[in-house]
Protein chains: 2
Amino acid sequence: MDTEPKKRVSGCPVAYGLDSFGDRWSLLIIRDLMVHGKKTYSEFLGSDEGIATNILINRLKTLEADGILSKSRDPDNRRSFTYALTPKGKDLAPIVIEIIRWSGKHDDRPSALKPAVRAVEEDPDGFEKRLRGACD
Amino acid sequence: MDTEPKKRVSGCPVAYGLDSFGDRWSLLIIRDLMVHGKKTYSEFLGSDEGIATNILINRLKTLEADGILSKSRDPDNRRSFTYALTPKGKDLAPIVIEIIRWSGKHDDRPSALKPAVRAVEEDPDGFEKRLRGACD
DNA sequence: TAATTTGCTTGCATTTTGCAAGTTATTTTC
DNA sequence: GAAAATAACTTGCAAAATGCAAGCAAATTA
């Protein structure tokens with residue numbers, strides 16, 4: 001595996017969070033697991049934002065090494081692997097939800113997508129349960 | 001001003017949030033404003049994590065351009081400027097809080113700092129009000 | 001008036017990201 | 001059963017972002 005970004009040592013909880021998932025791609029992978037029910041390398045690769053293959057595999061390995069997701073073989077297809085959120089990964093749901101709320105309030109671009117924003121506002125607890133459960 | 005990182009165009013609220021503050025430093029500056037009451041360039045520069053001067057000024061300008069913080073002259077010192085969170089910036093408080101909670105639960109390093117974690121758990125609403133008010 | 005402080009800028013090396021083109025081990029299709 | 005397709009990567013290289021160190025001008029303090 002090639003190198004992962006260096007981690008800071010300040011002890012600050014915000015810095016720990018940023019060291020774990022504070023980059024351009026990690027939370028999008030986690031979003032795909034939670035919101036879109038994606039589970040495999042090629043599903044993640046197909047997302048709208050267009051992550052590069054080497055970055056994707058690096059993030060998957062780093063997130064696995066950090067205990068945020070787990071990897072297992074697909075029992076039905078020997079060349080396929082299934083990624084799932086661990087409990088530590090599922091605990092990111094409130095962060096994802098608050099980002100969705102913030103963007104829902106402040107993203108004024110016409111292209112802004114609002115379905116998830118509406119789902120959060122209509123039933124926050126149900127939405128969180130959905131995010132935690134979608135990746136089992 | 002030198003170039004700011006490119007923004008994505010997917011319309012996804014999670015991607016919009018990451019484009020706005022999803023890098024190694026932005027949320028640490030916002031933490032300094034909210035949690036530590038810092039307001040000036042040199043106060044941000046003094047934080048434990050050790051941001052470089054060119055990165056700091058770049059992030060301050062980008063966050064200002066994105067409407068997350070505002071810059072004004074210090075009336076008492078003509079070479080000093082005061083940075084403050086806008087309403088859009090203050091609305092990041094719930095995200096910061098959820099990151100603190102997540103790290104408080106999952107950072108097992110002996111060096112992990114817990115005061116803010118305890119403050120959040122003891123009085124979440126009061127803590128959020130403090131974060132929103134500390135930067136006026 | 002000589003430091004010192006504040007808020008920057010600049011140049012350059014290192015690290016990370018992004019793109020494109022492989023590669024290998026399975027399935028699928030014909 | 002051979003050929004094509006698919007899934008999960010790997011590799012090489014260019015571009016962009018980050019990090020480090022040294023400066024610099026205007027305002028303030030000693």
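Residue A/I57 has its side chain nearest to D/dT10 when only C/dG18, D/dT10, C/dG7 are considered. Of the candidate nucleotides C/dT17, C/dG7, C/dT9, C/dG7 has the atom nearest to the side chain of B/F81. Listed nucleotides: C/dG18, D/dG19, D/dA21. Nearest to the side chain of B/W25: D/dG19. Between C/dG18, D/dA22, D/dG19, one nucleotide has an atom nearer to the side chain of A/I55 than all others, and that is C/dG18. In the set D/dT6, C/dC8, D/dT28, C/dC8 carries the atom at the smallest distance from any side-chain atom of B/Y83.
For the pair B/D91 and A/K105, the salt-bridge criterion is met [side-chain N within less than 4.0 Å of a carboxylate O]. Checked for salt-bridge contact, A/K39 and A/E43 miss the test: no charged N lies under 4.0 Å from a carboxylate O. Here A/R79 does not pair with A/D74 in a salt bridge; the nearest charged N to carboxylate O distance is not below 4.0 Å.
Checking A/R73 against A/G50, the closest nucleotide of DNA chain C that is more toward the 5' end is the one next to A/G50. Toward the 5' end of DNA chain C, the nearer of the two residues B/L60 and A/D23, judged by each one's closest nucleotide, is B/L60.
If you take CG of A/L45 and C1' of C/dC19, they are 13 Å apart, rounded to a whole angstrom. Per the geometry, NZ belonging to A/K7 stands 15 Å off P belonging to D/dG19, to the nearest Å. In this entry the distance linking CG of A/D74 with P of D/dA8 reads 9 Å, nearest Å. Spacing between atom CD of A/E43 and atom C1' of D/dC9 amounts to 16 Å, rounded to whole angstrom units. The distance from atom CZ of A/R78 to atom P of D/dC9 is 14 Å, rounded to the nearest whole Å. A straight line from CG of A/D76 to P of C/dT26 spans 16 Å, rounded to a whole angstrom. Taking atom CG on A/L56 and atom C1' on D/dT10, their separation rounds to 13 Å, with Å as the unit. Between the CZ atom of A/F44 and the P atom of D/dA7 there is a distance of 14 Å, given to the nearest Å.
Within the 4.5 Å cutoff, side-chain heavy atoms of B/T53 are placed close to those of B/Y41. Residues A/C12 and B/E49 form a side-chain contact, since some pair of their non-hydrogen atoms from C-beta on lies under 4.5 Å apart.
Considering only side-chain N and O atoms, B/R24 lies under 4.0 angstrom from the phosphate OP1 or OP2 of D/dG19. Listed pair B/S42 / C/dG7 meets the phosphate criterion, a side-chain N or O lying under 4.0 Å from OP1 or OP2. Side-chain nitrogen and oxygen atoms of B/K39 include none within less than 4.0 Å of the OP1 or OP2 phosphate oxygen of C/dT6. Remark: B/R79 is not in phosphate contact with C/dT5, judged by side-chain N or O atoms under 4.0 Å from OP1 or OP2. For the OP1/OP2 pair of D/dA8 and a distance below 4.0 Å, the side-chain nitrogens and oxygens of A/K61 include no atom meeting the criterion.
At the heavy-atom level, A/N77 lies under 4.0 Å from the strands shown only through sugar-phosphate atoms. Among the protein residues, B/R59 comes within range of the sugar-phosphate backbone only, with heavy atoms under 4.0 Å from sugar or phosphate atoms but none that close to a base. Within the 4.0 angstrom heavy-atom criterion, only backbone atoms of the sugar-phosphate kind lie near A/S80; the bases stay farther away.
Under 3.5 Å, the side chains of A/S20 and A/K7 contain no donor-acceptor pair of N or O atoms.
On a pure distance criterion of 3.5 Å, no polar donor-acceptor pair joins the side chain of A/N54 and the base of D/dC9.
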